[in-house]
Amino acid sequence: MKLIIIGLGNFGLSLAEELLSAGYEVVGIDNSPAKIEEAKDMIPSVFCLDATDKLALSVVDIKKDDVFLVAIGKDFGDSIKIVATLKSFAGNPIYARAVSKLHEAVLEGLDVARILNPEKDSSRVFVQSMPTKGMVEVMKADDKHSIVKLTATEKLDGITVGRNGFDRFSLKVLLMSKRTAKKNIIGLTSYTQEVVENFSNDTVINTGDMIVVYGENDNIKLYLEYYSN
C-alpha cells in the first residue's frame with residue numbers, strides 16, 4: 001500500500017514527512033513546478049500534473065489498496081473537483097482536508113473515507129491512526145500500547161484464532177465479529193458485522209471478519225508486517 005498525497009503545500013509536506021518517517025511508501029502530486037522542486041528531495045516519487053484530469057492521473061501506478069490524501073485546503077473548488085475525479089477514477093479510499101464547515105459538508109456528501117482537519121489533528125496524530133493492509137483503525141492506549149481493529153484477509157480465511165499468531169506476538173484479542181451476508185427484499189446482498197459473544201482459540205476466522213487486539217506498539221508492528229505479507 002502506498003499513500004498518494006495530492007497537494008504539496010505545508011500540510012501535504014508535513015504529512016509526507018511523518019508518513020515517510022513511519023515507513024510508508026509515499027507519492028506526491030502537485031500542479032506547481034515550484035512545489036514539486038521543493039518536495040523532490042523529501043519524497044522519492046513526485047508528479048507535476050493536474051489531479052482534476054483523469055487522463056493525467058493515469059500516469060501514476062495506482063494499485064487497488066493505495067490511499068489518496070487530498071491535502072489541498074486553500075482552493076475549495078480544486079479540492080472538490082479532485083475528490084470528484086478520484087471517485088470516478090477508482091474505488092481507492094480517499095482522505096481529504098477540510099478547511100471550513102461548508103468544505104466539510106461537501107466532502108461528506110462525496111462520501112470520502114475520512115475528513116482531515118489540520119487545525120484539530122496534527123500530522124503525527126493522523127499518521128498514528130493511518131490504516132495499513134488489514135488494519136482498519138488504531139487507538140493509542142498509552143505511549144507503548146495501542147488497540148487495533150483488523151479486517152481478516154483471504155490469507156487468514158479458515159484459520160482459528162489460536163493459530164493466527166496473536167500469542168506469538170503477545171497480542172490479546174479483545175473482541176471479534178463475523179461478517180454476515182444478508183439479502184434485502186429485492187434480493188440484493190449486503191454485509192453486516194455480528195459480535196461473537198464467546199469466541200475462543202478454536203473460533204474460525206473468515207475473510208471480512210473483524211478482530212480487535214491490544215498490545216505493545218512494536219509487537220503490533222511486527223504482527224502487521226507478518227499479516228500483510
Side-chain angles (χ1 to χ4, degrees), residues 1-8 12 15-16 19 22-31 43 45-47 49-73 76-98 103-117 121 126-127 129-138 148-157 177-184 186-194 205-211 224 227-229:
M1 179 185 76
K2 61 179 175 288
L3 290 304
I4 303 171
I5 300 176
I6 300 175
L8 301 176
L15 276 179
L19 288 165
Y24 289 95
E25 181 183 357
V26 175
V27 170
I29 294 175
D30 203 289
N31 63 358
I43 305 173
S45 182
V46 290
F47 294 86
L49 58 83
D50 179 2
T52 65
D53 184 338
K54 191 172 181 178
L55 182 61
L57 281 169
S58 65
V59 305
V60 183
D61 181 24
I62 300 170
K63 302 292 194 300
K64 64 180 181 179
D65 60 346
D66 293 340
V67 177
F68 289 110
L69 304 176
V70 181
I72 295 171
F76 175 96
D78 275 356
S79 168
I80 298 305
K81 284 190 288 185
I82 288 169
V83 171
T85 301
L86 297 177
K87 293 288 286 188
S88 68
F89 183 80
N92 302 67
I94 302 170
Y95 291 16
R97 177 187 183 185
H103 195 177
E104 187 171 339
V106 176
L107 290 172
E108 286 176 351
L110 288 169
D111 195 27
V112 299
R114 180 170 174 180
I115 295 174
L116 311 179
N117 189 325
D121 303 314
F126 166 71
V127 170
S129 67
M130 266 301 301
T132 186
K133 288 183 180 179
M135 194 194 318
V136 174
E137 189 175 334
V138 185
V148 297
K149 183 167 68 174
L150 306 167
T151 301
T153 63
E154 292 180 359
K155 177 180 178 179
L156 303 182
D157 191 73
S177 65
K178 302 288 292 182
R179 186 176 75 158
T180 304
K182 293 184 178 180
K183 288 190 176 181
N184 61 21
I186 61 173
L188 295 177
T189 301
S190 63
Y191 294 93
T192 60
Q193 292 286 336
E194 295 185 2
I205 297 171
N206 298 113
T207 303
D209 291 351
M210 294 282 193
I211 308 111
L224 290 172
Y227 181 89
S228 300
N229 290 331

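Thr207 and Thr153 get closest at one heavy-atom pair: OG1-O, 3.7 Å. Here the closest heavy-atom approach between residue Gly12 and residue Ala71 is recorded as CA-CB, 3.8 Å. Annotation for Ile115 and Ala98: closest pair CG2-CB, 3.6 Å, computed over non-hydrogen atoms. Of all the heavy atoms in Leu57 and Ile62, the pair that sits closest is O-CD1, 4.1 Å. Annotation for Ser79 and His103: closest pair OG-NE2, 2.9 Å, computed over non-hydrogen atoms. Among all heavy-atom pairs drawn from Asp78 and Thr52, the shortest one is O-CG2, 4.3 Å.
Remark: Lys63 engages Asp61 in a side-chain hydrogen bond (donor to acceptor under 3.5 Å, both in side chains) (not counting sequence neighbours). Checked against side-chain hydrogen bond (donor to acceptor under 3.5 Å, both in side chains), Lys2 has the following partners two or more places apart in sequence or in another chain: Asp66. Taking the side-chain hydrogen bond (donor to acceptor under 3.5 Å, both in side chains) definition, one finds that Asp53 meets it with nothing, sequence neighbours left out.
Atom CG in Asp209 sits 9.5 Å away from atom OG1 in Thr151 (nearest 0.5 Å). With rounding to the nearest 0.5 Å, the separation of CZ in Arg179 from CD1 in Ile205 is 14.0 Å. Separation of atoms CG (Leu3) and OH (Tyr95) is listed at 8.5 Å; rounding is to 0.5 Å. In this structure, the separation between CD1 on Ile4 and CD1 on Ile29 is 6.0 Å, given to the nearest 0.5 Å. Between Leu156 atom CG and Asn206 atom CG the span is 10.5 Å, to the nearest 0.5 Å. The structure places CG of Leu69 at 8.5 Å from CD1 of Ile6, a figure rounded to the nearest 0.5 Å.
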Carefully, step by step, assess Ser177 and Met210 under the rule side chain to side chain contact (heavy atoms under 4.5 Å, CB included).
CA-CA 5 Å; Ser177 65; Met210 294 282 193; 3.2 Å; yes

Derivation and outcome, side chain to side chain contact (heavy atoms under 4.5 Å, CB included), residues Leu116 and Arg114:
CA-CA 6 Å; Leu116 311 179; Arg114 180 170 174 180; 4.1 Å; yes

Check against side chain to side chain contact (heavy atoms under 4.5 Å, CB included), Val26 and Ile5
CA-CA 7 Å; Val26 175; Ile5 300 176; 3.9 Å; yes

Test Ile43 against Val27 for side chain to side chain contact (heavy atoms under 4.5 Å, CB included), laying out the working first.
CA-CA 7 Å; Ile43 305 173; Val27 170; 5.8 Å; no

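Looking only at side-chain heavy atoms (C-beta outward), Val70 and Leu107 stay at 4.5 Å or farther from each other.
Lys87 places no side-chain N or O within donor-acceptor distance of the main-chain N or O of Ile94, the cut-off being under 3.5 Å.
Side chain to side chain, Asn92 and Lys64 fail the donor-acceptor criterion of an N or O pair below 3.5 Å.
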